[in-house]
Amino acid sequence: MKIVYNRLLPFRGYAAMAFFGVILARRECRPLSASTVRHEGIHMAQAADCRGWILFYLRYLWYWLRYGYRRNPFEREAYENEQNADYLKNRKLCGWADYL
Ligand SMILES: [Zn+2]
């Protein structure tokens, strides 16, 4: 996964974000931890589940408005599995749906 370090995105308080297939990361967070890279990788898999980034972001926005950031099922799947090095190898299709 390509990581682009910068000082604008994501906003302060967040280390990284998945942005159309690239990880954007705050400069002061270099290098990202393996768990953070894995967390963003899970979002990449979720975007593939949603058949692309636009549909992923629309669905993400809907869940964020409805459940907030940490209870958003996309974030719950990513946070609960970011420590598991094998998660992406064994992840089932639409794994985030288990967190609805
Ligand atoms: Zn996330």
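Atoms within a ligand are numbered from 1 in the order they appear, just like the ligands themselves. All values derive from a computational prediction rather than experimental measurement. Residues: numbered from 1 along the sequence shown. Note that these values count all heavy atoms, side chains included, but never hydrogens, waters or copies made by symmetry.
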Exercise. Pick out which of W62, Y69, Y63 makes a ring-ring contact (aromatic ring centres under 6.0 Å, His included) with F74.
Key: Y63
Quiz item: Just by distance, do the side chain of Y57 and the backbone of F20 share a donor-acceptor pair under 3.5 Å?
Solution: yes
Quiz item: Donor-acceptor pair, E75 side chain versus R70 backbone, under 3.5 Å?
Solution: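 Flag not set: sc E75 to bb R70 has no pair under 3.5 Å.
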Self-check item: side-chain contact (heavy atoms from CB on, under 4.5 Å) partner of I3, the single match among V22, L32, T36
Solution: L32
Quiz item: Does NZ or CZ of R30 lie under 6.0 Å from the centre of the six-membered ring of Y5, at an angle within 45° of the ring axis?
Solution: yes
Quiz prompt | CH2 (W64) with more than 12 external heavy atoms under 6.0 Å | solution =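 It does not: W64 CH2 has 12 such atoms or fewer within range.
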Exercise. Give me the protein N, O or S atoms that fall under 2.8 Å of the Zn ion (ligand 1), sorted by chain and residue number.
Key: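 Checking every protein N, O and S atom gives H39 NE2, H43 NE2, E75 OE1, E75 OE2.
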